[in-house]
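Counting starts at 1 for both ligands and their atoms, in listed order. We're numbering straight along the sequence, starting at 1. If you're wondering where the values come from, they're calculated on a predicted model, not measured in any experiment.
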Amino acid sequence: MSRLIVAAIITGPADTVLASARAYPPDLAGRYEFPGGKVEPGEDAATALRRELAEELCVCAQIGPELANPDRADGLWPILEGRDMRVLWARIPEGAEPAVTAAHLHHVWQPRTHLADLDWLAPDLPIARLIARKSPPNVP
Ligand SMILES: Nc1nc2c([nH]c(=O)n2[C@H]2C[C@H](O)[C@@H](COP(=O)(O)OP(=O)(O)OP(=O)(O)O)O2)c(=O)[nH]1
């Protein structure tokens, strides 16, 4: 069975959200995604996401509630290669700038209401559109 992917909606200053341009594979390079990765066996979604954000962005994130897919009872989002993705809101310390590591070419803090204007991985566009219409929750 293919592994679940978890990804973060990281909120930033002035009502922005972090979008990360993938570095690989070549056919996806430069397209934006929500940073995250595969859930390892034995991890829950929040633990996996904290680990992925520490590894890929070198940030210590607080993980908040899920942004469930309104069209599916399990709340998961269908993504590439027939996989499913769980999407969670997240926050990083004020002033922290995510590092660019091997996974990404760069990151942008995109105004939330214009999130869908970026060139997202195709499965992420409906997620970006929903975020643009939603007020972010409080992430303690
Ligand atoms: N992280 C992330 N992956 C996404 C998103 N949308 C989407 O279709 N995907 C797909 C792309 C990849 O096929 C898969 C994630 O794999 P990955 O390669 O980023 O995961 P990883 O960091 O754990 O893997 P690895 O390269 O270290 O082995 O999910 C998204 O918003 N964020």
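A donor-acceptor pair under 3.5 Å is formed between the side chain of Trp120 and the backbone N or O of Leu115. Between the side chain of Asp124 and the backbone N or O of Ile127, no donor-acceptor pair lies under 3.5 Å.
The closest side-chain donor-acceptor pair between Trp89 and Gln62, if any, does not fall under 3.5 angstrom. With hydrogens and angles left out, the side-chain atoms of Glu33 and His104 include a donor and acceptor closer than 3.5 Å.
Residue-level contacts of ligand 1 at the 4.0 Å heavy-atom threshold are Ile5, Ala7, Arg22, Tyr24, Glu33, Phe34, Gly36, Gly37, Lys38, Glu52, Glu56, Ile79, Leu80, Glu81, Arg83, Met85, Leu121, Pro123, Asp124.
How far NE2 of His106 is from CZ of Arg22: 13.5 Å, rounded to the nearest 0.5 Å.
Shown here for Trp109 and Ala96, the closest heavy-atom pair between the two residues is CZ2-O, 4.5 Å.
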